[in-house]
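All remarks here apply to the structure that follows.
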2 protein chains.
Amino acid sequence: MAYKSDIEIAREANKKPILEIGAKLGIASEDLLPYGHDKAKVSQNFINSVQDRENGKLILVTAINPTPAGEGKTTTTVGLGDGLNRIGKKAMICIREASLGPNFGMKGGAAGGGYAQIVPMEEMNLHFTGDFHAITSAHSLLSAMIDNHIYWGNEQDIDTRRVAWRRVVDMNDRALRQITCSLGGVSNGFPREAGFDITVASEVMAILCLANDLKDLEKRLGDIIVAYRRDKSPVYCRDIKAEGAMTVLLKDAMQPNLVQTLENNPAFVHGGPFANIAHGCNSVIATKTALKVADYVVTEAGFGADLGAEKFMNIKCRKAGIAPSAVVIVATVRAMKMNGGVAKADLGAENTAAVKKGCANLGRHIENVKSFGVPVVVAINHFVTDTEAEIQEVKDYCATHGVEAVLSRHWELGSEGSEELARKVVALADSGVGIFAPIYPDEMPLFEKIETIAKRIYRADEVLADSKIRGQLKEWEAAGYGNLPVCMAKTQYSFSTDPNLRGAPTGHSVPVREVRLSAGAGFIVVVCGEIMTMPGLPKKPAAETIRLNDAGQIEGLF
Amino acid sequence: MAYKSDIEIAREANKKPILEIGAKLGIASEDLLPYGHDKAKVSQNFINSVQDRENGKLILVTAINPTPAGEGKTTTTVGLGDGLNRIGKKAMICIREASLGPNFGMKGGAAGGGYAQIVPMEEMNLHFTGDFHAITSAHSLLSAMIDNHIYWGNEQDIDTRRVAWRRVVDMNDRALRQITCSLGGVSNGFPREAGFDITVASEVMAILCLANDLKDLEKRLGDIIVAYRRDKSPVYCRDIKAEGAMTVLLKDAMQPNLVQTLENNPAFVHGGPFANIAHGCNSVIATKTALKVADYVVTEAGFGADLGAEKFMNIKCRKAGIAPSAVVIVATVRAMKMNGGVAKADLGAENTAAVKKGCANLGRHIENVKSFGVPVVVAINHFVTDTEAEIQEVKDYCATHGVEAVLSRHWELGSEGSEELARKVVALADSGVGIFAPIYPDEMPLFEKIETIAKRIYRADEVLADSKIRGQLKEWEAAGYGNLPVCMAKTQYSFSTDPNLRGAPTGHSVPVREVRLSAGAGFIVVVCGEIMTMPGLPKKPAAETIRLNDAGQIEGLF
């Protein structure tokens, strides 16, 4: 049996005018700023007007550690959103925006897959509503103003060896990772080392996604540490007087983007911070607004639950004052098999023993998520090659953890395939059993916060950090940053810092290579392993075959 | 008497929904892609559907050499457009988009002024419909692909000392003018010198503005020379296989942006190439589409008529196969006085002698424009301090050149003030006396083209160019580029290459410092003097005071 590709299905979508989708949520047309006929931004006036409403229930979709088999976290998020609508609930979806640059290396991605997708897919992989361009602009303005400040006399006494603010571009351009700038003589400034990251790694992105409103955005932008003086005291963005103009550049980017699923259900797609050096969730303003206009809001977090769900709960929920009413952990039979030791080429053959073995990874995620005080359901995202016996193996395993595993066939059938999952999620969310709390308090010392995550979530024996790193954390505590949450940057492929260690490893150590203060975003980044903040293009970049065909359709992007 | 500022007037604008403005032009709502409620892009389907229509008449608005007194070229363009509508003509306006970066140095500019403006002014100074961001992205993709090509083995044998393609960013960032990139070791590539220009200086911008359609755009992008091999043969963009993906990134940016004047008349604001290293006009696709939907299309060209009108006619009209039916030269009494030797501080006092003396500059522009075979009218853009006697002086002078000078008070009165100008323009355009032709043929040798412009337009005695430059031009002729037009890059403040030489200088020389081949745009840039392609920020950048106030309005941008 031949299946249609995601892009084929997306192109056949029977989209409704976005103003109609907005009307479903009670958003009037004057409160929607259209971008074409299928995308719109929600006005700040509208957002202000709904602040007194009760919140709907928040459902987090997370997953096991990703494997090359694919888990379908976004697909399940979309499928669940459609399923909730199908069973008569007023539900919407909140997910992240895609970065432009990587599409020209590897092929771009759908938002979801099969019959559980958000559209318009092509625009979402290209400029969309321009949010990331606005972030690049705001970031670039600060970059230019810092060097301009140094150029015109350096009143703030910035140590040009200690400029912490790198530049960004939304393109995979390894040649810009490390540069020397301000060459060419007097009129170009003082030569110094600098470099570029990709836009999604910008602290401006993280800030936009955590800010409650434009005032909060401006305040946080002002808090960014851009450099240090010779006496090592920090120079803030507000010392350079850039935060006001940056806020002006970001004023539209702050507004959530409304789009729709293939089944014409509403979705906010807004913001997209890195899931390693940042918290990897869509914007707080989108989630909070969704909670005001829908009874159930389905959202997701980056990577597996060890990174994504942990940060969602310890950073985003803590800071935004929201709490999930239920958590869905996505697993697939194929991914269980890979965690059980099967090679990708052999995934087609039934292997219940491998499934059972691989479930250890899932089991630990279940325990971890439960430790935040929220009820859990496992969604088995169905693949057509899954056998009954394999599926039963996952269900039986979950039962031993006191959790139900529901087979969901949204990829193949849309909401018809996710009805059961939707009913289960509603039951859990409405049960009121959730007593959500972050797993460490604000006032815990920074190093202990790292240890808490490493031991309780990663199940490591110890955290390794040299005296320089420990000293840095102490310094930040003394400077008043001790109450910030920590943002772990480690491999997404394992509970440990070794990407090859699948399953549920124990007895490992978590080495901290570096710590960084994101004072504007409001977290301490803890770097455990190699973190790439500017990807490169492969030898044969996808861009080489991307083009418009004679019908005006984009080829090669998917 | 106190006058309102441009931004105050713009904020009071009684804008109509952009779909209504489109309807006036016969563009159905499904052919308009809205960006908010006051901006829209015109679909390619619509553009295709009107190709068999007769063209309307094209009116070029140009000016004397700019002085610090201000001439109001765009203001007059807008005022004339409104005036034509007022007298019952189906007229529209085509102007350029503004660059983002410079707004953070000096204050941003209105599109027009007083009661002759195009709105929404704030968006037009910020992200607008994202065209320039798309151009930055397309340019950046090619940049990344070039270094990526070198990184992965350099099959094209690019001489890394001869990479001609610089990077761009839409920000005034002098620190990026000259850099060393690809530092940091093996995984970051081969270190080489590089640098950034501002986005409006990108050849992609010039190409977008000269391309007839997306096919033509892709072909021209492929023609860009990005580097040279060790044997000095050119490496084209198509050798790097970037033109298809760049076209995909530019597909929406290619569509003209529809906005409106304060009087709700339609305007396309689209494209914005530099007026020195490029041709300085709005896009061909906007102008050509306007000619299909309006009976009169008012457009403008950058700088004074010596640069702007010359390039409009020798480059844009030649390549696009269009011709102006009439040309309006904008002058002001104040600018005449400055050309006549009066200092800016003394402009308030009546000085008919200085006006008369300064008219020499205007007179030469009249002669030059007439030499293209098009009828001319002078618009005296009225300032409230102008005296009757001074105005009469300009009128009398123009009469001696066989040209009428019409006082126009659109700044103060809107279309009520530009009725007379509109009637005069219609009479000229409808007279059929125009026999437009570029002033040099395609087949003229390149150096002779430069001499033709220098002698016939600038009235220089000679062009100075060393043998290296002459040899380079010969090489390009041998390589098949001899039929391209030349694009002069010189100061806009004088007919000569000395910015301080006002009036109508003679006996000067035009030294050619450098020539550049823009093979994709399709012209040879002739650099006469210092050309800055990456501006810096001033000591107190406007950005320092730009912010959102509590009412959500932008302060400090204007």
Side-chain angles (χ1 to χ4, degrees), chain A residues 33-37 44 100 104 126-127 130 133-134 137 140-141 143-145 147-148 151-153 169-184 187-189 193-194 214 218 241-242 244-245 247-249 251-252 536-537 539 541 543-548 552 554 556-557, chain B residues 33-37 44 100 104 126-127 130 133-134 137 140-141 143-145 147-148 151-153 169-184 187-189 193-194 214 218 241-242 244-245 247-249 251-252 536-537 539 541 543-548 552 554 556-557:
Chain A
L33 212 68
Y35 284 69
H37 300 289
Q44 189 59 46
L100 180 64
F104 300 104
L126 292 169
H127 308 293
H133 291 317
S137 290
S140 301
L141 174 61
S143 304
M145 288 178 79
D147 279 301
N148 191 59
Y151 177 84
W152 286 107
V169 60
D170 196 2
M171 199 53 69
N172 292 21
D173 193 348
R174 73 168 69 72
L176 294 178
R177 281 177 192 152
Q178 200 172 324
I179 68 168
T180 318
C181 69
S182 305
L183 300 175
S187 61
N188 296 352
E193 285 185 40
L214 285 165
E218 184 171 14
K241 303 191 182 83
T247 303
V248 167
L249 280 167
K251 78 177 170 58
D252 294 331
L537 291 170
K539 185 163 185 179
E544 290 188 359
T545 52
I546 294 173
R547 52 182 283 276
L548 287 180
I554 299 170
L557 183 57
Chain B
L33 212 67
Y35 283 68
H37 299 288
Q44 190 59 46
L100 180 63
F104 300 103
L126 292 170
H127 307 293
H133 291 317
S137 290
S140 301
L141 174 61
S143 304
M145 288 179 79
D147 280 300
N148 191 58
Y151 177 84
W152 285 107
V169 60
D170 196 2
M171 199 52 69
N172 292 19
D173 193 349
R174 72 168 68 74
L176 294 177
R177 281 178 192 150
Q178 201 171 323
I179 67 168
T180 317
C181 68
S182 305
L183 299 175
S187 61
N188 296 352
E193 286 186 38
L214 285 165
E218 184 171 13
K241 303 191 182 85
T247 303
V248 167
L249 280 167
K251 76 179 173 56
D252 295 331
L537 291 171
K539 185 162 186 178
E544 290 187 359
T545 53
I546 295 173
R547 54 181 282 274
L548 286 180
I554 299 171
L557 183 57

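Within every chain, numbering begins at 1; the chains are lettered A, B, ... in the order of the sequence lines, protein sequences first and strands thereafter. Everything quoted here is computed from the prediction, not taken from an experiment.
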Mind checking the [atom1]-[atom2] spacing from [X] to [Y]? Nearest 0.5 Å is all I need.
{"X": "A/Tyr35", "Y": "B/Asp252", "atom1": "OH", "atom2": "CG", "answer": "13.0 Å"}
{"X": "B/Arg177", "Y": "B/Asn172", "atom1": "CZ", "atom2": "CG", "answer": "9.0 Å"}
{"X": "A/Asp173", "Y": "B/Ser182", "atom1": "CG", "atom2": "OG", "answer": "8.0 Å"}

With a 4.5 Å cut-off on heavy-atom pairs, point out which of [options] contacts chain B the most.
{"options": "A/Ile554, A/Leu557, A/Leu548, A/Leu249", "value": "A/Leu249"}
{"options": "A/Glu544, A/Lys251, A/Glu218, A/Gln44", "value": "A/Glu544"}
{"options": "A/Ser137, A/Gly153, A/Ser143, A/Gly130", "value": "A/Ser137"}
{"options": "A/Val169, A/Leu183, A/Leu100", "value": "A/Leu183"}
{"options": "A/Lys241, A/His37, A/Met171, A/Lys539", "value": "A/Lys539"}

Report which part of B/Leu537 has an atom under 4.5 Å of a heavy atom belonging to chain A: side chain, backbone, both, or neither. both
Quick one: what part of [X] sits under 4.5 Å from any heavy atom of chain B, side chain, backbone, both or neither?
{"X": "A/Asn188", "result": "both"}
{"X": "A/His127", "result": "side chain"}
{"X": "A/Phe104", "result": "side chain"}
{"X": "A/Glu193", "result": "neither"}
{"X": "A/Ala242", "result": "neither"}

Could you check if a side-chain atom of B/Asn148 sits within less than 4.5 angstrom of a side-chain atom of A/Arg174, using non-hydrogen atoms only? yes
Heavy-atom pairs under 4.5 Å with chain A: which of [options] has the most?
{"options": "B/Gly536, B/Ala144, B/Ala194", "value": "B/Ala144"}
{"options": "B/Gly556, B/Pro541, B/Ala175", "value": "B/Ala175"}
{"options": "B/Leu33, B/Leu176, B/Asp147, B/Leu126", "value": "B/Leu176"}
{"options": "B/Gly36, B/Pro34, B/Gly184", "value": "B/Pro34"}
{"options": "B/Ser187, B/Gly189, B/Gly552", "value": "B/Ser187"}

